[in-house]
There are 2 protein chains.
Amino acid sequence: MSEAIGLTIQRLLRKIRFLGAVEDSFGQALSALCTDRAHFARGDLVIARGEPYRRIYLIEQGWALRYKLLGSGGRQITNYAIASDFLCFNAALFRHADHFVMARTELVAFTLPIRPFLQILNDKPEIALALAWANAQEEAVLAERLASLGRRNAKQRLSHLFCELWQRLDRLGLADSEGFELPLSQDELADTLGLSLVHVNRTLGELSRQGLLSFRHQRVTLHDVAGLERLAGFDAGYLRDQPGG
Amino acid sequence: MSEAIGLTIQRLLRKIRFLGAVEDSFGQALSALCTDRAHFARGDLVIARGEPYRRIYLIEQGWALRYKLLGSGGRQITNYAIASDFLCFNAALFRHADHFVMARTELVAFTLPIRPFLQILNDKPEIALALAWANAQEEAVLAERLASLGRRNAKQRLSHLFCELWQRLDRLGLADSEGFELPLSQDELADTLGLSLVHVNRTLGELSRQGLLSFRHQRVTLHDVAGLERLAGFDAGYLRDQPGG
DNA sequence: CGAGGAATTGAGTCCTCTCAACCAGCGTGG
DNA sequence: CCACGCTGGTTGAGAGGACTCAATTCCTCG
């Protein structure tokens, strides 16, 4: 089992790129906890708003969506979680979920019991720090998305999102030089970017006609990365900063 | 000095409401670090994007704004920091700031040297956990704001923001039953909520005409809290959940 | 009393939305 | 093997919330 989790841990390490010294104890400690896996089918809820947290998940493969439902019927997707991301990490800190998490594809995740997980954080501050770093980076992504919704138009939002995902997936070895697989519907893009489905559709069309990118059959192809980054005002700084303090 | 910091620590504790057992060691350890204060004048930059972090601040009084500047000239304010909030907390995790922090009022903050601060987190996991909790709550606020920018109209965004601030300030003893002081310009509200200055102005006018709230002379008065919450779809859940895991 | 920042108000524009069809792909069942 | 139904994508038309430009008023302070 500690072999099966190898790739996931490697990805996690690649993501957090922390001080080399940490890596060994990190992998060992986590592997020891990752004895069980959970499987979710496409569309399954991992947790619903208001439910008590039961465990923490570490995604091995698949995509999950975090979102909120508004009284007025709207949905705001706040996050995509993919391989090496944690789900319900807040279980370590809160009692109840304040958002929904849904499996967007078949999803396989290691399950970490909360108490022992807390114990590890307690015993090994290096690990806690590394995970704090990963969390902080997610928050940086959130803040950048806020800037998108607040101050960028539809074309820029879409371009920015794709630039960001490309970078992020590339780091995990899940992208290639042309683009990446994106198992989302236009509807979900809309609910991520604060746009309507119809407008996302039209805007994707425009971006495609301008030779910037195309999104068909769950695959994003970037035709002109420089152009996209210029249009979006994309600056990878918020994804790239090295840990240190 | 450890007496002067008393109120700030108390507020911090009130904010994080953590297990009683933590409080003593928490206050003592932090007080010991809070030997120096920094003063900023209205408008001063605490840190600029790209700059290396130098220290962590714990606000004693005043308001600070965290924001991003977009290439296209826009500004997105991501956060207001007030008494008992940390500034540049990321200094513990990153080398360079990915956003700006500006003092919006006269600002007084304790300065915490990074290394010793990290040492404390290292030595006292309870404290690290408590701060992680505070951080997670900030992230929840960010996510909720994302939902606002994505899926709420101008009236709802404003109402929601005010409901949230009222709650948050109340917890610190900085609000009263009528409302609270809000040292922001309409321009800054606009850059927080992804609206234009002009539209914020008109929308505030409407809310006022509807007898819901008024905002004049840096003070928000809530005339009809229930109505506001209904309009905004405000649900304090994301601010209220107790720690635990 | 003048100057500068902030708040207001008016007018016209446009980006994005909603409503509404219609089309395409695909898995299922008769 | 093909019709049916579902989900997701595409396109058209009209409406409206929010934007920009611009001018005016209100405060506050030196």
Side-chain angles (χ1 to χ4, degrees), chain A residues 41-43 63 65 70 72-77 102 104-106 148-159 161 181-210 213-221 231, chain B residues 41-43 63 65 70 72-77 102 104-106 148-161 181-210 213-221 231-232:
Chain A
R42 179 165 171 282
W63 286 59
L65 304 180
L70 306 202
S72 39
R75 170 178 64 166
Q76 179 64 48
I77 296 174
M102 190 192 71
R104 182 53 181 82
T105 65
E106 286 277 310
S148 271
L149 299 213
R151 289 289 178 242
R152 291 195 251 258
N153 63 27
K155 247 149 90 168
Q156 295 173 317
R157 290 184 208 181
L158 247 354
S159 311
L161 177 63
E181 302 295 320
L182 182 65
L184 297 178
S185 68
Q186 294 184 2
D187 192 36
E188 285 154 337
L189 287 178
D191 282 343
T192 304
L193 296 175
L195 299 167
S196 72
L197 160 60
V198 173
H199 197 53
V200 163
N201 180 281
R202 287 196 228 279
T203 307
L204 283 173
E206 277 187 64
L207 289 171
S208 164
R209 249 171 281 125
Q210 289 180 35
L213 62 83
S214 59
F215 174 43
R216 305 188 66 79
H217 309 301
Q218 320 242 88
R219 174 164 176 94
V220 173
T221 309
L231 170 60
Chain B
R42 179 166 172 284
W63 286 59
L65 302 180
L70 306 203
S72 38
R75 169 178 65 162
Q76 178 63 48
I77 296 174
M102 189 190 73
R104 181 54 181 83
T105 65
E106 287 276 311
S148 270
L149 299 212
R151 289 288 176 244
R152 290 195 251 257
N153 64 27
K155 247 148 90 168
Q156 295 173 317
R157 290 184 207 182
L158 247 352
S159 311
H160 196 279
L161 177 63
E181 302 295 320
L182 182 65
L184 297 176
S185 68
Q186 295 185 2
D187 192 36
E188 285 155 336
L189 287 177
D191 282 344
T192 303
L193 297 175
L195 299 167
S196 73
L197 160 60
V198 172
H199 197 53
V200 164
N201 181 281
R202 288 197 227 278
T203 306
L204 283 173
E206 278 187 64
L207 289 171
S208 163
R209 249 171 282 124
Q210 290 180 34
L213 62 83
S214 58
F215 175 43
R216 304 188 66 79
H217 310 301
Q218 318 245 87
R219 169 159 181 100
V220 174
T221 309
L231 169 60

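These values consider heavy atoms only, across backbone and side chains, with no hydrogens, waters or symmetry-generated copies. What you are looking at is a predicted structure, and each value in this text was computed from that prediction instead of being measured. Throughout, a chain's letter reflects where its sequence line sits, starting with A, and its residues are numbered from 1.
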Is any side-chain N or O of B/Gln186 closer than 4.0 Å to OP1 or OP2 of C/dG5?
-> no

B/Glu206 CD to C/dT8 P: how many Å, rounded?
-> 13 Å

Going by the side-chain contact (heavy atoms from CB on, under 4.5 Å) test, name the single residue among B/Asn153, B/Leu193, B/Leu213 that passes it with B/Leu158.
-> B/Leu193

For A/Arg209 and D/dT10, give me the distance from atom CZ to atom P, rounded to whole Å.
-> 11 Å

Length of the line joining B/Arg152:CZ and D/dG17:P, which is rounded to integer Å = 18 Å

Given atom CZ of A/Phe215 and atom P of D/dG8, what is their separation to the nearest angstrom?
-> 12 Å

Spatial distance of atom CZ (A/Arg157) from atom NE2 (A/His199) [nearest 0.5 Å] | 8.5 Å

Test B/Ser159 against B/Leu207 for side chain to side chain contact (heavy atoms under 4.5 Å, CB included), laying out the working first.
-> CA-CA 8 Å; B/Ser159 311; B/Leu207 289 171; 3.9 Å; yes

Considering all heavy atoms, the nearest B/Gln76-B/Thr192 contact | NE2-O, 3.0 Å

Just wondering, do B/Arg151 and A/Asp191 contact through their side chains at under 4.5 Å, heavy atoms?
-> yes

Between C/dA6 (C1') and B/Asp187 (CG): distance, integer Å | 9 Å

Once you round it to whole Å, what is the distance between P of C/dA20 and CG of A/Leu197?
-> 16 Å

To the nearest angstrom, the CG-C1' distance between B/Leu189 and C/dA6 comes to 12 Å

Taking protein heavy atoms under 4.0 Å as touching, what does nucleotides 22-30 of chain D look like 5' to 3' if B marks base contact, S marks sugar-phosphate-only contact and - marks none?
-> ---------

Rounded to the nearest Å, what distance is computed from the CZ atom of residue B/Arg42 to the P atom of nucleotide C/dG5?
-> 10 Å

Quick one: closest heavy-atom pair of B/Ala41 and B/Glu106, and the distance?
-> CA-OE2, 4.0 Å

Please round to 10 degrees the angle between the axis of the first five pairs and the axis of the last five pairs in the helix from C/dC1-D/dG30 to C/dG30-D/dC1.
-> 30°

Record whether the side chain of A/Arg202 comes under 3.5 Å of the base of D/dG12 through a donor-acceptor pair of N or O atoms.
-> yes

For D/dT10, does OP1 or OP2 lie under 4.0 Å from any side-chain N or O of A/Asn201?
-> yes

List the atom pairs, with distances to 0.1 Å, where a side-chain N or O of residues 181-188 of chain A and a protein N or O form a donor-acceptor pair under 3.5 Å, not counting sequence neighbours.
| unit_1 | atom_1 | unit_2 | atom_2 | d |
| --- | --- | --- | --- | --- |
| A/Glu181 | OE2 | A/Arg219 | NH1 | 3.2 |
| A/Ser185 | OG | A/Asp187 | N | 3.4 |
| A/Ser185 | OG | A/Glu188 | N | 3.2 |
| A/Ser185 | OG | A/Glu188 | OE1 | 3.2 |
| A/Gln186 | OE1 | A/Asn201 | ND2 | 2.9 |
| A/Glu188 | OE1 | A/Arg104 | NE | 2.7 |
| A/Glu188 | OE1 | A/Arg104 | NH2 | 3.1 |
| A/Glu188 | OE1 | A/Ser185 | N | 2.8 |
| A/Glu188 | OE2 | A/Arg104 | NE | 2.7 |

Residue pair B/Thr203 / B/Ala154: nearest heavy atoms and the distance that separates them = OG1-CB, 3.7 Å

Could you tell me whether A/Ser185 contacts a base, only the sugar-phosphate backbone, or nothing, with contacts defined as non-hydrogen atoms closer than 4.0 Å?
-> sugar-phosphate

Look at all strands and tell whether B/Gly194 reaches a base, only sugar-phosphate, or nothing, counting heavy atoms closer than 4.0 Å.
-> sugar-phosphate

When we call it a touch if two heavy atoms are under 4.0 Å apart, what does B/Leu195 touch: a base, just sugar-phosphate, or nothing?
-> sugar-phosphate

State, to 0.1 Å, how close B/Gln210 and B/Lys155 come at their nearest heavy-atom pair, and which atoms those are.
-> NE2-NZ, 2.6 Å

